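Please read the structure below before turning to the comments.
For the single chain, residues carry numbers from 1 onward in sequence order. Because the structure is predicted, anything quoted here is derived from the model rather than measured.
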Amino acid sequence: MRSLVAGNWKMNGFKAESLELASDLAGRARSGAVCDVLVCPPSTMLSDVGAVISGSGIMLGGQDCHALESGAHTGDVSPVMLADLGCSHAIVGHSERRANHGESDAVVTEKAAAAHKAGLTAIICLGENAAERVEGRAKEIVTLQLHGSLPEGASAANTVIAYEPVWAIGTGNTATPQDVTEIHDHLRGELIRAFGDDGNAVRLLYGGSVNAGNASELLAVDNVNGALVGGASLKPDDFWAIVESGRPD
């Protein structure tokens, strides 16, 4: 399965530096990328970054979306707005949204369904926190999140699952290949339960302190079909090293 490497820029980047980063990546992509590449800048930069990467093969995504198309929702961005700006993907259910904004699985389901309706691929994030891992509940937590966050109509064509253990996000602590194998193999089994044979075609990304130094090892793990990259996606050399660790098919 062809890998997808997605860069989540989070709440980082003013105009000049964001366009410089986008231009650098676009130049590399025009020379060829071994896998699919996606960047998710802040909503303030979606239009400008989209213009810079146009024609490079790099896809554009939103970091979140509202469940409704329009309305009195100050500060929110709807999935149709993302699509109108040229986005192909939207991240939903990131642990920072779940923790900082109290988003439940039900909210994530609604957002993923709205993304699908707008023609976007939903990247649904899952992951246990440190206490849950210590308690031996990692599989239980991601199973509940997976089945609780998948909307009706989800498929390999419109959905990507990203496993991001909360204890590894931005901490420098990375899950071992054995940790990743255990969870990704489990999630693959759950996807097959949910979708039948189509579950084998759903991309499973790993995220959580992925960097240029560990990407090759992590992306070589069975049932890891790419990466959702945070801090390293802001450094073009590091991000592109991760891209080059991806699988072409």
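Each ring-ring contact (aromatic ring centres under 6.0 Å, His included) pair with one or both residues in residues 22-53, not counting sequence neighbours, would appear here, but there are none. Each ring-ring contact (aromatic ring centres under 6.0 Å, His included) pair with one or both residues in residues 134-167, not counting sequence neighbours, appears once here: Tyr163-His184. Annotation: salt bridge (Lys or Arg N to Asp or Glu O under 4.0 Å) contacts involving residues 165-174, sequence neighbours excluded, are absent. Applying the salt bridge (Lys or Arg N to Asp or Glu O under 4.0 Å) definition to pairs two or more places apart or across chains, those involving residues 164-183 are Arg133-Asp179, Lys139-Glu182.
Residues forming a side chain to side chain contact (heavy atoms under 4.5 Å, CB included) with Leu144 (at least two apart in sequence, or on another chain): Glu140.
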Kindly indicate, with the supporting measurements, whether the criterion side chain to side chain donor-acceptor pair (under 3.5 Å) is fulfilled by Thr159 and His116. CA-CA 8 Å; Thr159 303; His116 293 162; 3.1 Å; yes
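Salt-bridge check for Asp222 with Arg188: failed, with every basic side-chain N at 4.0 Å or more from each acidic carboxylate O. Taking the charged nitrogens against the carboxylate oxygens, Arg2 and Asp249 have no contact shorter than 4.0 Å, which rules out a salt bridge. For the pair Asp76 and Lys111, the salt-bridge criterion is not met [side-chain N within less than 4.0 Å of a carboxylate O].
Residues Ser209 and Thr171 share a closest heavy-atom pair of OG-N, 3.6 Å. A pairwise comparison of heavy atoms in Ile58 and Ala29 identifies CG1-CB, 3.6 Å as the closest pair.
In this structure, Leu38 belongs to a hydrophobic cluster whose other members, linked by side-chain heavy atoms under 4.5 Å apart, are Leu4, Met59, Ile91, Ile123, Val160, Leu205, Leu228.
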